[in-house]
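Notes to accompany the following structure.
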Amino acid sequence: MSTDEESGEPSSLVFVLIPRFNMMALTTTIEPLRVANYLTGRKLYAWSFVAPGGGPVVASNGMVQAALPLPERAPADATILVCGSWDSEHYDNPNLFAWLRRQDRRGIRLGAMDIGAYILARAGLIKNRRIAVLWYCLRAFLEAYPDTRPEDRLFVNDGNRLTIAGGVAGVDAMLADIGSRYDARLAHEVADHILHFPIRGDQESQRSSRGGQHEIVHPILRMAIGLMETHVEEPLSIPAVAAKTGVSQRKLERLFVTHVGRSAVAYYRMLRLQHARAMLTNTSLSVREIALACGYGSLSHFAKSFSDQFGKLPREYRNAWPHDDPNPIWLGLSPSLPELKPARKR
C-alpha cells in the first residue's frame with residue numbers, strides 16, 4: 001500500500017465484497033487501521049466497500065454490509081482486496097474480472113483475503129505469483145491453478161499483490177503495513193490496544209503446529225503429521241513415518257491413540273480424505289483424478305473410504321455441496337469432533 005506522507009493523504013483500501021464474504025476476515029483487517037487512526041489522531045488509512053452492482057451484501061454469518069458500485073477508477077494509490085469465502089471458488093462475474101484487469105493495467109495493487117484468491121485466479125491475475133491460501137485449500141487450489149504458487153502463510157506480499165489467508169491473519173498483515181510505512185512502535189502500540197500478541201510475520205504458517213494447537217499435540221506427532229501432510233499423493237507406510245520421526249512403530253501408534261484418539265493408519269486415512277473433500281468442492285477434477293491425487297489407486301476403495309468417513313459417496317458429496325445454503329457445514333478435522341458432547345453444567 002502506498003501513501004503520500006508529505007501531503008498527508010491516507011493510504012486507501014477498497015474492499016470488493018463477494019456474496020457470503022467472511023466478515024471476520026474483513027473486520028480483523030480493518031480494525032488495526034482504525035486503531036492506528038485513533039491512536040495518532042490522524043487519518044493514516046481510509047477504506048471503502050464496493051461490489052458489482054452495489055447495494056447490500058450478505059456475509060457468511062448473515063450480517064449485511066452496504067456497498068457502493070464498482071468505481072470506474074480506483075484511487076491511484078489504492079489496494080483493492082477481494083473479500084470472498086463460501087463459494088468463491090465457483091464465483092463467475094465477467095464484469096468484475098474485467099474491472100480488476102483494468103485496475104491492474106493502471107498499476108493498482110490487487111489482493112484478496114480468505115479464498116477470494118480464487119477470484120483473482122479466475123481473472124488471470126495471479127499467474128506465477130506467490131499467494132496465501134487457506135491451509136485446507138492449498139492442495140485443491142494448486143490442482144485447479146497449477147500456474148500459481150500457493151503457500152501456507154498468514155499473508156504474502158508479491159510485488160503489487162497482497163493475499164491474506166483469512167481469519168485473524170488480516171491483523172498481522174495490517175500491523176506489518178503500519179510498521180513498515182510509519183513506525184514499528186506504532187504497530188506494537190496498535191497490537192497492545194487490540195490485545196493481539198505476539199505480532200506474527202509473513203513467514204509464519206497459518207497454524208502454530210501441524211495438526212492442531214501446539215499445547216495439545218505431542219512434538220513427535222507434529223513431526224509425523226507433517227510428514228503425512230507432505231505425502232498425500234504418494235502415502236508413506238506407517239513404519240516409514242515412524243523411522244523418519246526416530247521412534248518405533250509401536251511407540252508412534254501408542255502416541256496417536258493416546259493423543260489423537262485413533263490409530264496412525266486411521267488418522268492418515270482421514271487426512272487424505274479431508275484433502276479429497278476439499279478437491280471435490282473446490283475443483284472440477286474428476287472423482288478418479290481426485291482419488292489418485294489423494295493416494296488411492298483403486299476408485300472403489302476410495303469411494304468406500306470416503307463414504308465411511310463422510311456418509312456420502314464422493315460424487316454424491318460434490319452434488320450435494322450447498323452453494324445456496326446460508327449456513328453450510330464443513331466438518332472439522334479433529335477426529336473427536338463427531339463424538340463431542342455438551343459440556344456438563346456446573
Side-chain angles (χ1 to χ4, degrees), residues 1-17 21-50 59 61 63 65-67 74-85 108-114 116-117 130-135 151-208 213-214:
M1 282 170 268
S2 62
T3 184
D4 186 347
E5 295 187 37
E6 292 184 1
S7 68
E9 290 297 318
S11 178
S12 176
L13 291 94
V14 178
F15 294 97
V16 181
L17 305 184
F21 67 93
N22 188 314
M23 181 64 78
M24 182 180 187
L26 177 65
T27 55
T28 58
T29 302
I30 293 172
E31 280 303 291
L33 310 181
R34 181 192 68 80
V35 174
N37 291 353
Y38 171 69
L39 291 175
T40 61
R42 297 168 54 198
K43 194 171 184 179
L44 303 180
Y45 293 92
W47 52 89
S48 60
F49 308 108
V50 304
N61 63 359
M63 296 179 69
Q65 174 62 52
D77 69 339
T79 292
I80 297 172
L81 288 173
V82 179
C83 308
S85 185
I108 303 296
R109 192 184 193 205
L110 302 180
M113 59 179 63
D114 202 282
R130 295 174 53 244
I131 53 171
V133 175
L134 272 172
W135 59 271
E151 296 183 1
D152 176 15
R153 295 283 183 263
L154 294 171
F155 60 97
V156 171
N157 284 288
D158 187 357
N160 63 346
R161 296 290 184 270
L162 169 64
T163 45
I164 305 172
V168 298
V171 173
D172 299 284
M174 294 303 102
L175 289 174
D177 188 81
I178 293 168
S180 63
R181 184 180 309 285
Y182 297 104
D183 192 296
R185 292 170 297 181
L186 175 58
H188 279 84
E189 186 166 353
V190 172
D192 286 344
H193 196 82
I194 61 177
L195 308 182
H196 180 81
F197 38 81
I199 297 176
R200 302 173 296 174
D202 60 359
Q203 294 304 306
E204 299 228 17
S205 68
Q206 295 166 30
R207 293 171 289 169
S208 58
Q213 300 173 2
H214 70 278

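Hydrogens, waters and symmetry mates play no part in the numbers below; they use all other heavy atoms, side chains included. This one's a predicted model, so the numbers in the text were calculated from it and none came from an experiment.
A heavy-atom distance below 4.5 Å is found between the side chains of Gln65 and Phe21. By the 4.5 Å heavy-atom criterion applied to side chains, Leu186 and Thr40 are counted as neighbours. Inter-residue side-chain proximity for His196 and Leu175 is flagged as met; some heavy-atom pair is nearer than 4.5 Å. Proximity of Ile131 to Arg161: side-chain heavy atoms (C-beta onward) are nowhere separated by under 4.5 Å. Taking 4.5 Å as the limit, some side-chain heavy atom of Arg109 sits within range of a side-chain heavy atom of Asn157. The shortest side-chain heavy-atom distance between Val16 and Leu81 does not fall under the 4.5 Å cut-off.
Interatomic distance, CD1 of Ile164 versus CG of Leu154, reported as 10.0 Å (0.5 Å rounding). Rounding to the nearest 0.5 Å gives a distance of 10.5 Å between CH2 of Trp47 and OG of Ser11. Atoms CZ and CD1, on Arg185 and Ile178 in that order, are 14.5 Å from each other to the nearest 0.5 Å. For the atom pair Thr29 OG1 and Met24 CE, the distance stands at 10.5 Å (nearest 0.5 Å). Interatomic distance, OG of Ser85 versus CE of Met23, reported as 11.5 Å (0.5 Å rounding). One distance of note links CZ of Phe15 with CE of Met113; it measures 5.0 Å at 0.5 Å rounding.
For the 3.5 Å distance criterion, the side chains of Tyr45 and Asp177 qualify, holding a donor opposite an acceptor.
Side-chain atoms of Asp114 never come within 3.5 Å of backbone atoms of Asn22 as a donor-acceptor pair (strictly under, hydrogens ignored). One N or O on the side chain of Thr163 and one on the backbone of Ala132 form a donor-acceptor pair closer than 3.5 Å. Using a distance-only test at 3.5 Å, with no hydrogens or angles considered, a donor-acceptor pair links the side chain of Asn61 to the main chain of Met63. Proximity of a side-chain donor or acceptor of Asp158 to a complementary backbone N or O of Arg130 within less than 3.5 Å is detected. In this structure a side-chain-to-backbone donor-acceptor pair under 3.5 Å is present from Asn37 to Leu44.
Ring centroids of Tyr38 and His193 are separated by less than 6.0 Å, placing the two rings close together.
The two residues Gly116 and Ala112 make their nearest non-hydrogen contact at C-CB, 3.5 Å. Nearest heavy atom pair, residue Asp172 against residue Val168, reads OD2-O, 3.7 Å. Leu26 and Cys83 get closest at one heavy-atom pair: CD1-SG, 4.0 Å.
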Would Val171 and Ile194 count as a side-chain contact (heavy atoms from CB on, under 4.5 Å) if you check the C-alpha gap in whole Å, the side-chain angles of each, and the deciding distance to 0.1 Å? CA-CA 9 Å; Val171 173; Ile194 61 177; 3.8 Å; yes
Apply the test side-chain contact (heavy atoms from CB on, under 4.5 Å) to residues Phe49 and Val14: give CA-CA distance (whole Å), side-chain angles for both, the deciding distance (0.1 Å), then the verdict. CA-CA 6 Å; Phe49 308 108; Val14 178; over 6 Å; no
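Applying the salt bridge (Lys or Arg N to Asp or Glu O under 4.0 Å) rule to pairs touching residues 25-40 yields Glu31-Arg34, sequence neighbours excluded.
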